[in-house]
Structure formats: structure tokens, C-alpha cells
Amino acid sequence: MKAHQWTKKQVETAKNPNYSKLYVVGPALYKALGDVKDKNILEIGCGNGYWLRTLTKKGAKCTGIDKANNQLALAKKEPFSDKINYLFGDITKKTNLKSNYYDLVFLEHVLLEVPTIKEIRKLFEDAYRVTKKDGFLIVSDTHPIAPHLNMSNIKVGRDYSYFKEGYIYKI
């Protein structure tokens with residue numbers, strides 16, 4: 001599978017929260033997190049920084065990492081960006097993120113953008129490394145069937161069948 005590259009049009013349209021962010025993920029996330037005041041939060045694949053802005057407004061100390069420069073450029077133009085630490089990087093590679101530092105590590109719609117099982121394992125290893133011992137990780141992602149439904153930026157071959165193979169990666 002090939003990693004997705006964000007086009008200018010996709011970056012602009014992703015700027016506005018969709019139904020899922022507003023009515024599904026958002027309410028569940030806020031309920032799960034409770035009071036975030038003064039908590040250190042890292043979002044992996046932060047994109048345009050939507051979640052980081054909402055959590056910063058609630059008093060969290062936020063950091064976002066993304067490997068799409070055009071997404072980060074947009075994030076840095078948005079309100080509250082001066083209070084958010086945006087980092088360019090790929091968490092499936094070596095990062096300088098502090099170990100045992102974040103109360104919460106969060107990722108949304110990232111896993112289907114990671115091209116190999118090896119890189120997914122590395123992502124979770126690093127997420128675990130940077131999360132405090134009493135912290136937690138929240139993962140919100142699309143079901144692997146989504147590429148067939150045109151709900152994602154990931155494309156699979158015409159002969160791929162989630163129901164036959166179970167996953168899009170070859171182990």
C-alpha cells in the first residue's frame with residue numbers, strides 16, 4: 001500500500017469538521033477525557049490541528065506531530081496555534097518526543113495512512129514510550145472496508161476483499 005499525499009484541495013476541505021468529528025468522535029472523546037486542564041496531550045497525525053485547538057480551549061497543553069507540511073502550515077494559521085506545539089515528523093521513524101511525558105496520546109484516522117504493519121507496530125511502540133505510565137492512548141479509525149466505500153484516501157486493488165482477507169496488509 002502506498003502512503004497518501006495530501007493535496008491542497010484535501011487540506012482545505014479537511015479544515016472544516018465533518019459529521020463524525022462533531023457528533024460521534026467529539027462527544028465520545030470529551031466524555032472519555034473528562035477534565036483536560038493542564039494535561040499534556042499529543043496527537044499523532046494532527047493534520048490541521050482541529051482536535052488540538054478544541055483541547056487547548058479546554059485548558060490542555062497540546063503537541064501535534066504530522067508528516068504533511070501542508071497540513072501543519074494550515075494548522076499554524078488557525079486560532080490558538082500560538083499555544084500549540086506543532087512538530088513536523090513521522091512517528092513511525094525516530095522522533096525526539098520525550099518518554100513517559102504525555103497524559104494522553106491520541107490519533108484519529110491515521111492507521112489507514114500507514115503503509116506497512118511494521119510501521120504500525122513502530123507507531124504503537126513510540127506512542128507507548130511517550131505515554132505516562134498512568135496515561136492512556138485513544139485510537140479512532142475507519143474500518144478497513146472504508147477504502148471500498150470511498151470514505152478514505154486509501155486505495156486498494158479491485159480484487160481486494162476485506163471479508164476474504166480480513167486486512168489490507170500482507171504480514
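For clarity, every value in this text was computed on a predicted model and none was experimentally measured. Only heavy atoms go into these numbers, but all of them, side chains included; no hydrogens, no water, no symmetry mates.
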Checklist entry - Under 4.5 Å between side-chain heavy atoms, hopping through other hydrophobics if needed: is there a path connecting Ile91 to Ile120? => result yes
Item to check | Atom pair NE2 (His109) and OG (Ser140), whose distance is rounded to the nearest 0.5 Å | outcome: 5.0 Å
Checklist entry - Under the salt bridge (charged side-chain N to carboxylate O under 4.0 Å, His left out) rule, what pairs show up with a residue in residues 80-90, not counting sequence neighbours? => result Lys67-Asp90, Asp90-Lys93
Checklist entry - CZ of Phe88: more than 12 outside heavy atoms within 6.0 angstrom? => result yes
Checklist entry - With sequence neighbours left out, what residues match Tyr30 under side-chain hydrogen bond (donor to acceptor under 3.5 Å, both in side chains)? => result Thr54
Checklist entry - Under the side-chain hydrogen bond (donor to acceptor under 3.5 Å, both in side chains) test, which residues partner Lys132, sequence neighbours left out? => result Asp103
Side chain to side chain, [X] and [Y], heavy atoms closer than 4.5 Å:
X	Y	result
Val105	Tyr128	no
Val130	Tyr101	no
Leu42	Leu104	no
Glu108	Val25	yes
Lys133	Asn100	yes
Val139	Phe106	no

Next on the checklist: Does Lys61 form a side-chain contact (heavy atoms from CB on, under 4.5 Å) with Ile41? I'd like the steps, not just the answer.
Outcome noted: CA-CA 6 Å; Lys61 299 173 193 170; Ile41 297 176; over 6 Å; no
Might you point out which heavy atoms bring [X] and [Y] nearest each other, and give the distance in Å?
X	Y	answer
Gly64	Leu52	CA-CD1, 3.5 Å
Tyr86	Gly49	OH-CA, 3.5 Å
Pro27	Leu22	CD-O, 3.4 Å

Checklist entry - In chain order, what residues pass the salt bridge (Lys or Arg N to Asp or Glu O under 4.0 Å) check against Lys122, with sequence neighbours excluded? => result Asp126
Checklist entry - Please walk me through it: do Leu33 and Ile138 pass side-chain contact (heavy atoms from CB on, under 4.5 Å)? => result CA-CA 10 Å; Leu33 293 180; Ile138 293 180; 3.9 Å; yes
Item to check | Glu78 vs Ser81, side-chain hydrogen bond (donor to acceptor under 3.5 Å, both in side chains): CA-CA, chis, key distance, verdict | outcome: CA-CA 6 Å; Glu78 294 294 317; Ser81 64; over 6 Å; no
Next on the checklist: Between Thr131 (side chain only) and Ala127 (backbone N and O only), is there a donor and an acceptor less than 3.5 Å apart?
Outcome noted: yes
Checklist entry - Is the backbone N or O of Ile84 less than 3.5 Å from a side-chain atom of Arg53, with the two atoms forming a donor-acceptor pair by type? => result no
Item to check | Sequence-distant partners of Leu87, side chain to side chain contact (heavy atoms under 4.5 Å, CB included), two or more places apart | outcome: Thr63, Ile65, Asn85, Leu97
Item to check | Which residues share a side chain to side chain contact (heavy atoms under 4.5 Å, CB included) with Val110, sequence neighbours left out | outcome: Leu107, Val114, Leu123
